[in-house]
Amino acid sequence: MNIACRATELTKEYVLKGETVRALRGVSFDVPEGDYVAIMGPSGSGKSTLLNLLGCLDRPTLGNLFLGDKDVAKMNDDQLSNIRATRIGFVFQSYNLIQQLTVVENIEVPLYYQGRASSASRKRCKYLAEMVGLGDRLGHRPTQLSGGQQQRVAIARSLVNDPYFILADEPTGNLDSNTTLEILNLFAELNKNGKTIILVTHEDEVARHTKRIVRLRDGLIQSDTRN
Amino acid sequence: MVVFFRTWALGIKSLMLHPLRSGLTVLGILIGVAAVIWLLAFGEGISREAQKQIEGLGAENILVRSVKPPSEATANQRGAIPYGLTREEFDTLVQTIPTIKSAIPIREMRRQIRYQGRLIDGRLVGCTPEYAEVTRLEIDRGMFLTDDHQRHKQSVCVLAANVAERLFPYEDPIGRRVYLADHTDYYVVVGVLRPKNATAAIGGSLDAQDFSNDMYIPISTCRQRIGDIVVNRGSGTFSGEILQLNQITFRVNGIDNVMRTADLIKETLKSHDRKQDVAVIVPQELLEQAKTTRLMFMVLMGFIAGISLLVGGIGIMNIMLATVTERTREIGIRRALGARRTDIVRQFLIETVSLSVVGGATGIGIGLLCPYMVGWVRDFAFRNWAEVMNSLPAVVKSVEPHIVPLSIPLAFSVSVVVGVLFGIYPAIRAAQMDPIEALRHE
Ligand SMILES: Nc1ncnc2c1ncn2[C@@H]1O[C@H](COP(=O)(O)OP(=O)(O)OP(=O)(O)O)[C@@H](O)[C@H]1O
Ligand SMILES: [Mg+2]
């Protein structure tokens, strides 16, 4: 089975006023393609830090991180940007849509940074919007949508560049239980179709829907279990 | 190409989120660009005016004028003392300087001119027939003074348009007799001139001249009838002056000889140096000076306009810094979705350049309206505040702004440069943000 990403001895340290904060202290794990992972752990345990590293938003202080066959740990800013544009889908707790753009335009943004925005890509964006159930809202702006709908747009956006995996940092943190279920069903369906998904959550209820749970504590993996 | 177009469309969208703010920023650039065009247009208008005036004096001419010495210099002397150019000097100059083609002696004095019951304050000018050509006077009716009039010291005169109109509202002045206020001698009107615009003062030595109240008589007649002694009656006092000629206008044979001839004239009139009662005016020299002045003027105007553009640029920078802070979250999102630093820089630069280009284009539009708007405003002001307007200096009343063609591409490119220059710092600041920090920004 192919590996979507492999982390070896990932370490992340922040230096704050001369003091070193060790957010990750040597984290190693593989995520095979098609996996569906929940990262759990108490506040401050390093979940977001890990997710940011996986998402190439940041570089590890030490360790290696392979996405496909590339080690991204040593890449420069432009190379990381390129990886993000082509290989990673992000879903955030607060949706993070761009306010001045419509639903379709929001979905299109990542393509645009690969220089691939065209009329064909428009079609794909519309298709994705339909897939997440927003076919009739193409021209709406984020402020005209509910939280659940906005998160659907964000999920459609994370799919547009056909990424290695989708990274979601507490994607249901702002949603009520019904909407949470809808979003989780959407994720489950995507996963069934082969998408690799890594999500961070506090809730066992959410983690139950995944295939695998990785628990962090003080920057180290405490447990790694399959459901 | 598509990407560029999208970025641009997006920039416009983002700007339209704050129409008032964007509008005010555009206004800043607009005023700057319009100011560049306007100020240069005014500069050009004024210098053209000056140039025209000087050229009106004739590039081949040299003017020598008598200047009344300051009253302190003569205060301890009783009665009138003679000053200024003499007929003897006139003859010497004409006879000794071969490059002089012709010379016109001129005598001017303030006099009241009377016809029957009507009386006006005028300027009596004794001159020779060539005066009309050199001063560019145009005949409306009759003729100008002739050599015959001059030779026979005839009692004839030519009236300026305004004088003729006021003394003869209902009649044809030709052939009538007009009188000088306290004389019994009359002068027969032989010609009436077309109206002529006043000339502005040039430099320090040549006063503004108003030709509208002139009455011209042969200088030979003037000498015989009036003489050199002129008594001005004031209230209870009187002052006199003894003066043979107010001015001699020389015409030189060929433009190349002007400076040399001027030097010879100055040399000949050296005896006046101490009293400083004679001034030599060389229009060609003034022309050269005017060119330098023009350049300095343009630089000054450009400098002022540059400052207003700078202010506009600072406005842009201010707005863009606010925008960048406000859109930190958006920047974070875009970075997370794959935007490189250069993409972010480009996005914000496109916005600032759009602002400055729109400002520049409208500024040019308004700049081009300058000549018309000046016309309207002046007309309006004259209609409503005639007194105030009339008390303003002649330049203000008459200047015609003249658009300098180069100022349009100049203003436009400067506005683009201002957009880039003042937009680059906020854009770079946006791009340097840490994407994670930016995403966390509220
Ligand atoms: N930019 C930073 N500078 C300094 N320290 C940081 C920075 N980001 C995170 N940390 C520290 O790293 C540790 C892990 O933070 P992280 O955000 O990964 O926790 P988390 O598991 O996501 O917590 P939560 O569940 O509250 O979101 C914390 O102690 C935090 O204070
Ligand atoms: Mg977190």
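Lettering of chains follows the sequences in order, A, B, ..., and the numbering in each one begins at 1.
If you look at A/F90 and A/F92, their ring centroids are closer than 6.0 Å.
Comparing B/D343, B/T342, B/I436, B/L17 by how many heavy-atom pairs each has under 4.5 Å with chain A, the most go to B/I436. Across A/D77, A/N52, A/V109, the residue that shares the most heavy-atom pairs under 4.5 angstrom with chain B is A/D77. When B/M16, B/K13, B/R327, B/R335 are compared by the number of non-hydrogen pairs under 4.5 Å with chain A, B/R335 comes out ahead.
For the residue pair A/D169 / A/Q93, no side-chain donor-acceptor distance below 3.5 Å is found, with atom types taken as modelled.
For A/R157, the part lying near chain B is the side chain, with the backbone staying farther off; criterion is any non-hydrogen pair under 4.5 Å. Looking at B/E437, neither its backbone nor its side chain comes within 4.5 Å of chain A, counting heavy atoms on both sides. Using a 4.5 Å cut-off between heavy atoms, A/L97 contacts chain B through its backbone alone, with no side-chain atom that close. Both the backbone and the side chain of A/S94 come within contact range of chain B, judged by heavy atoms closer than 4.5 Å. Of the two parts of A/D78, the backbone and the side chain both hold a non-hydrogen atom closer than 4.5 Å to a non-hydrogen atom of chain B. Contact annotation for B/R329: only side-chain heavy atoms (C-beta onward) come within less than 4.5 Å of a heavy atom of chain A. With a threshold of 4.5 angstrom between heavy atoms, A/Q99 does not approach chain B through any atom at all.
Between B/E326 and B/R21, at least one side-chain nitrogen of the basic residue sits less than 4.0 Å from a carboxylate oxygen of the acidic one, meeting the salt-bridge criterion. Taking a cutoff of 4.0 Å between a charged side-chain nitrogen and a carboxylate oxygen, B/E330 and B/R334 qualify as a salt bridge.
Considering only residues two or more places apart in sequence or on other chains, A/H140 meets the side chain to side chain donor-acceptor pair (under 3.5 Å) condition with none of them.
Contacts between residues 57-65 of chain A and chain B, counted as heavy-atom pairs separated by less than 4.5 Å, involve A/L57, A/D58.
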List the atom pairs, with distances to 0.1 Å, where a side-chain N or O of residues 360-371 of chain B and a protein N or O form a donor-acceptor pair under 3.5 Å, not counting sequence neighbours.
from: B/T362; atom 1: OG1; to: B/V358; atom 2: O; distance (Å): 2.7
from: B/T362; atom 1: OG1; to: B/G359; atom 2: O; distance (Å): 3.2

Derivation of the side-chain contact (heavy atoms from CB on, under 4.5 Å) call for A/L67 and A/K70: CA-CA 5 Å; A/L67 301 189; A/K70 287 183 211 116; 5.5 Å; no
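Looking at A/R25, its side chain never comes within 3.5 Å of a backbone N or O of A/G219 through a donor-acceptor pair.
In A/Y14, the OH atom is crowded: over 12 heavy atoms of neighbouring residues, nucleotides or ligands sit closer than 6.0 Å.
Legend: side-chain hydrogen bond (donor to acceptor under 3.5 Å, both in side chains) pairs involving residues 416-425 of chain B, not counting sequence neighbours, sorted by first then second residue: B/Y425-B/R429.
Between B/Y372 and B/W376, the angle of the ring planes lies from 30° to 60°, which puts this pair in the tilted group.
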